[in-house]
Trainee: 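Have a look at the structure that comes next, please.
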Amino acid sequence: MKLELGNFPVKEIEFGEQTAYQDGTLTINKEEALSVVYEDDHIIDADLKIVEPGDEVRLVPVKEAIEPRYREGGGPVFPGVTGELMQAGEGQTKALKDMSVLVVGKHWGGFQDGLIDMAGEGAKYTYFSRLKNVVLVADTDEEFEKREQQKKNRALRWAGMRLSEYLGRAVKDLEPEEVQELELPPIADRICELEDLPGVVLVLQPQSQMEEDGYNDLSYGWDTNHMLPTLMHPNEVLDGAMISGSFMPCSSKWSTYDFQNFPLIRKLYEEHGETLNFLGVIMSNLNVSLEEKERSAQFVAQIASTLGAEGAIVAEEGYGNPDADYTACLVALEEAGIDTVGVSNEATGRDGTSQPLVAMDPKADALVSTGNVSELIELPPMETVIGELEALARDGLSGGWEDDEELGPSVREDGSIIMENNAMFCGDGVTGWSTKTMKEF
Amino acid sequence: MDLENQQRVKDLAEEHGPENMLVVLGGAEAEASGLAVETVTNGDPTFAGPLAGVQLGLACYHVLESEIKEAIDEDVYEEQISMMEMVLDVDDIIEEVKTYREKYSKYKL
Amino acid sequence: MAKEIERAGITIVQMANLVPVAKTTGANRIVPTISIPYPLGDPKTPEDEQWKVRYTRVGAALDALETDIEDQTVFKVG
Amino acid sequence: MDKKAIVYINQFFGQVGGEEAADHPPEIKEGAVGAAQALAAEFAGDITHTVICGDNFMSSNQEEATARILEMLEDIDFDIFFAGPAFQAGRYGNACGAIGKAVKEEFAVPVISSMNEENPGGEMFKKDIYIFPGGRSGAKMREDAKKMAEFGNEILTSEGPFPADEYGFYKRGIRHQYFRPDEKTAAERALDMLLKKMKGEEYTSELPIPEVDRVDIAPAIEDLSQVKVALVSSGGIVPVGNPDRIQSASATRWGKYNIAGMDRLENRASEGFKTIHAGFDPAAADEDPNRVVPVDALRKFEEEGRIGKLHDEFYVTVGTGTTVGEAARMGQEIAEDLKDAGVQAVILTST
């Protein structure tokens, strides 16, 4: 499978007459862009903003991040989600780089939503503070979940994807500045030198723990709750086969942008043919019952063994009971004789003394840790808030609270905030971005 | 160096003046000898004894060092010390004692 | 939590689906349940079956409370 | 640096005497006395007082000794407290740890000590105060005191963070996140670790698996029909309206709710109970809370005489994201309440 990713670096974003890309500048016709957003009747109010690194802006509740792209030939960027089902990971896709589309609720947030600061101390906590962002801030008529803590955010997330596809079409007929060829030939056809290198698989455990439709990560539009671990080509993941869900405490979340750019996959590609033979991605999931967790772990170990993997990296989207899936998977791979490394965050509590994962096993002896979900973060007020600051305290964001005996409310009158890392939008960068680790103090 | 010996050294130095004293060590081990030199020159390194923080700077040698050895009657040295000289790590001891002496002794032989 | 209650000298049985989690946190008497969102009654099954599951599993937990154990024990149900 | 320090040492290093003076009661002297001088040589601030206490006095009257020392310190202004170094001396190590912990709790200043790895005081108190690995005997006084004093200088003048592996004190089981100065990403770290592991080379896991802390198994109940049984749950089942505002994740609160006279828990639709747990799909629990807190089944057992009585209240909190530390505290509080209510057996349901 071969994917050619045509990159268009975005140095500046501005509103203007016509949506177009020229010499690093993305110009957006706001009215036309919003009309794409309003294609869904559930969107009752929408606006677009542009934010850049260093802007004194706080975004909350942030629901999703997407890289704008165009699929050559006009097929859906997210097959099975924004259009018909088709093979992702093959052919040509164009991407607007160094930017993302951020989707922010105009009023209402939920457990799974997060916060981004574009400047100051808070900016170090999320990758998206480093990007130029087109912010869709909107409200919907999804009354059934307005006051619910768990929100599907369906209308907003889909609007974000439509908007990304719309922006992607700006480079439809243009030549990319740079083309990256991502190619892994069929495993059986790989040349002899590769055979001498150790085979490595990447095992992903995207969030899939809701029984009800509409909350989980999707694979080609299919709810990952309903799947068993399966072998995927890494190109599929990078090319829109996977989209983010709306369920997990936000710092643990993998946004759709994260799937499209997955640093662990990129790193394995870099090492392919140099130090290892990248066999592929085993797409697993996270489950609610023990039997399901064990079944998935067993499937993962079996697929990895069948492929002849000597090494594996496992990444977990979440914490709490999914740690049982994570540990089960690490143990199953180790027991199959495969050297395994895990990547996850931890929950050591505000004081740092709690047990890092809820399920642990001494066989999991090589772990990368990307942060503590309960770490307290205190940030000064920001000049501008896009969305609604009160959502952090009011709507049950996983890192916010209405009141606390010791700490007071998450949102203070002067606009300063105190929250748990939990609410940092994709803050733990488990897909590989994180420059955070955990240390003993 | 135990607390009693520290007290004795301190008293003698007060009585006769540190410039008029010479401490000769007979310890069998390098580290302990070094500590003893330090104690009578720069003060008790463990800070537990009377010499804690007291910098006498005394001249201090190990009995195995040539300066002392040459001053002793050969027969006596042969009878009393030479056996030990064969089983001890003489170089180590001398090296250690010398190091501390050069660092802290204000007086020499 | 089970550990702290047991430390206080109260005999406790933990009913949990995630046996590895209960084990890691140090619970001593463990009775498995059927899932996380519905430990004691699968909504997809008829009422009487859910009742049976609940009655049997809670019964097993009561048995566990009356059982002397030497080590951390996961009690079998049914 | 105009910071003030107080030093704790034992009778030996305080020049009171050896074993014969080990019953020496605590006293406080101005300035750096005895071994406190070794710290004074490296500490950039001022050592204003030295507390000296006999090791035996401390170990046989720990409470009294601690109380007396805390009282001595009450009116003194100080920024940091040093205890030791204690080398391999067990009683001395214990004394440094105990008094250090008490001072830290009472005055909220950093406390620094040093002990040899064989000193049991290190294992006992490394969670409470900073303890540096030290030599076996007083011969290492200068080195050990230097480490303590230098860390004291650092902690009083810089903002941190102070990771254990960088500064060298014993790991304390306190894990916090840390931005790597080299900005090496998780992807790069994972690949490095994997390549090393596959080659059989040394690597360092960023999350070493700690040992599980076990409690003594409570004895079996002889006859449940004579006993009051209580239900406890981490499934977040609360009265609709959540009167105690228990958090739906990272909970720090628990509630107890009266079920006297109830045959079962009524559901959310009938304004009875619902789950506020955000870690799983709430539909099944909202529809029938007995699926999580089986009041109905226990009523049946009560009626059949299988159990003596179902306790009139059930206890609840939320498990998801709730740190083990918080869970332990809430467990202790609930246990206290259960004991007061005469409950002898508990069924804990978790989701």
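Chain A is the first sequence line, chain B the second, and so forth, proteins listed ahead of strands; every chain is numbered from 1.
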Trainee: Can you tell which part of Y178(D) gets under 4.5 Å to a heavy atom of chain A, answering side chain, backbone, both or neither?
Mentor: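 Both parts, backbone and side chain.
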Trainee: Which bit of W401(A) is near chain D, if near means a heavy-atom gap under 4.5 Å: side chain, backbone, both or neither?
Mentor: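 Neither the backbone nor the side chain of W401(A) comes within 4.5 Å of chain D.
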Trainee: Using a cut-off of under 4.5 Å on heavy-atom pairs, state which of E270(A), M210(A), E375(A), M360(A) scores highest against chain D.
Mentor: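 Of the candidates given, the most pairs with chain D belong to E375(A).
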Trainee: Enter the distance from D182(D):CG to T435(A):OG1 here, rounded to the nearest 0.5 Å.
Mentor: 9.0 Å
Trainee: Please rank G342(A), G399(A), G352(A) by heavy-atom pairs under 4.5 Å with chain D and give me the top one.
Mentor: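 Option with the top pair count is G352(A).
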Trainee: Taking atom CZ of R214(D) as the centre, report whether more than 12 heavy atoms of other residues, nucleotides or ligands fall under 6.0 Å from it.
Mentor: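 More than 12 heavy atoms, drawn from other residues, nucleotides or ligands, come within 6.0 Å of this atom.
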Trainee: Show the numbers, then the answer: is there a side chain to side chain contact (heavy atoms under 4.5 Å, CB included) between D281(D) and F247(A)?
Mentor: CA-CA 10 Å; D281(D) 191 336; F247(A) 173 57; over 6 Å; no
Trainee: Heavy-atom distances under 4.5 Å only: say whether L207(D) touches chain A with side chain, backbone, both or neither.
Mentor: both
Trainee: Please give me the minimum heavy-atom distance between L194(D) and G311(A), naming the atom from each residue.
Mentor: CD1-CA, 4.1 Å
Trainee: If you count heavy atoms of other groups shown closer than 6.0 angstrom to CG of D216(D), is the number above 12?
Mentor: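 No, because the 6.0 Å sphere around CG of D216(D) holds 12 heavy atoms or fewer from other groups.
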Trainee: With a 4.5 angstrom heavy-atom cut-off, could you sort out which part of P198(A) is near chain D: side chain, backbone, both or neither?
Mentor: side chain
Trainee: Taking side chain as C-beta onward, heavy atoms only, is L195(D) less than 4.5 Å from E271(A)?
Mentor: yes
Trainee: Pick one of side chain, backbone, both or neither for V200(A), based on which atoms fall under 4.5 Å of a heavy atom in chain D.
Mentor: side chain
Trainee: Tell me, yes or no, whether the heavy-atom count around E201(D) atom CD, taken from other residues, nucleotides or ligands under 6.0 Å, exceeds 12.
Mentor: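 Enclosed: over 12 neighbouring heavy atoms sit under 6.0 Å from CD of E201(D).
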Trainee: As an exercise: rank M193(D), Q247(D), R180(D) by heavy-atom pairs under 4.5 Å with chain A and give me the winner.
Mentor: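 Among M193(D), Q247(D), R180(D), the one with the most close pairs to chain A is M193(D).
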Trainee: Could you look at E166(D) and say if it's the side chain, the backbone, both or neither that has a heavy atom under 4.5 Å from chain A?
Mentor: neither
Trainee: Minimum heavy-atom separation for D339(A) to M198(D), with atom names?
Mentor: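 Taking D339(A) first and M198(D) second, the nearest heavy atoms are OD2-CA, 3.3 Å.
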Trainee: Just verifying a value: how many Å separate R189(D) CZ and S369(A) OG, rounded to the nearest 0.5 Å?
Mentor: 8.0 Å
Trainee: Highest number of heavy-atom pairs under 4.5 Å with chain D: which of L268(A), V368(A), V341(A)?
Mentor: V368(A)
Trainee: Who wins among T370(A), V343(A), I265(A), T275(A) for the most heavy-atom pairs under 4.5 Å with chain D?
Mentor: T275(A)
Trainee: Between Q149(A) and chain D, which part of the residue has a heavy atom less than 4.5 Å away: side chain, backbone, both or neither?
Mentor: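 Contact with chain D involves the side chain of Q149(A) alone.
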Trainee: Between OG1 of T252(D) and CD of E406(A), what distance do you get to the nearest 0.5 Å?
Mentor: 8.5 Å
Trainee: Closest heavy-atom contact between S354(A) and E326(D)?
Mentor: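 Looks like OG-N, 4.3 Å.
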Trainee: Among the options A315(A), P249(A), G349(A), pick out the one with the most heavy-atom pairs lying under 4.5 Å from chain D.
Mentor: G349(A)
Trainee: With a 4.5 angstrom heavy-atom cut-off, could you sort out which part of Y167(D) is near chain A: side chain, backbone, both or neither?
Mentor: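 Contact with chain A involves no heavy atom of Y167(D) at all.
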Trainee: Quick one: of T351(D), I174(D), D165(D), who has the most non-hydrogen atom pairs under 4.5 Å with chain A?
Mentor: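 Answer, by heavy-atom pair count under 4.5 Å with chain A: I174(D).
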Trainee: How close do L191(D) and K267(A) get, heavy atom to heavy atom, and via which atoms?
Mentor: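 Closest heavy-atom pair between L191(D) and K267(A): CG-CG, 3.5 Å.
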Trainee: Say you draw a straight line from NZ of K439(A) to CD of Q177(D); how long is it, rounded to the nearest 0.5 Å?
Mentor: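 Going from the NZ atom of K439(A) to the CD atom of Q177(D) covers 13.5 Å.
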Trainee: Could you look at K197(D) and say if it's the side chain, the backbone, both or neither that has a heavy atom under 4.5 Å from chain A?
Mentor: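 Contact with chain A: backbone and side chain both.
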Trainee: In terms of heavy-atom proximity below 4.5 Å to chain D, should N421(A) be classed as side chain, backbone, both, or neither?
Mentor: side chain
Trainee: As an exercise, state the distance from CG of L367(A) to OG of S205(D), rounded to the nearest 0.5 Å.
Mentor: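 Rounded to the nearest 0.5 Å, the CG-OG separation comes to 4.0 Å.
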Trainee: For D351(A), is it the side chain, the backbone, both, or neither that has a heavy atom closer than 4.5 Å to a heavy atom of chain D?
Mentor: backbone
Trainee: Ion pair present between E346(A) and R175(D), side-chain N to carboxylate O less than 4.0 angstrom?
Mentor: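 Yes, charged N to carboxylate O under 4.0 Å.
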Trainee: Return the CZ to CD distance between R266(A) and E188(D), rounded to the nearest 0.5 Å.
Mentor: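 The distance works out to 14.0 Å.
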Trainee: Can you see which heavy atom on I209(D) is nearest to which on A364(A), and at what distance?
Mentor: CG1-O, 3.5 Å
Trainee: Considering all heavy atoms of both residues, which atom of L264(A) and which atom of A190(D) are nearest to each other, and what is their separation?
Mentor: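 Scanning both residues completely, I find the closest heavy atoms to be CD2-CB, 3.9 Å.
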Trainee: Which one of T340(A), N321(A), T431(A), V288(A) has the most heavy-atom pairs closer than 4.5 Å to chain D?
Mentor: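 Ranked by contacts with chain D, first place is T340(A).
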Trainee: In sequence, state the C-alpha distance, the side-chain angles, and the governing distance for R253(D) and E405(A), and then conclude on salt bridge (Lys or Arg N to Asp or Glu O under 4.0 Å).
Mentor: CA-CA 10 Å; R253(D) 284 193 277 271; E405(A) 287 87 352; 3.0 Å; yes
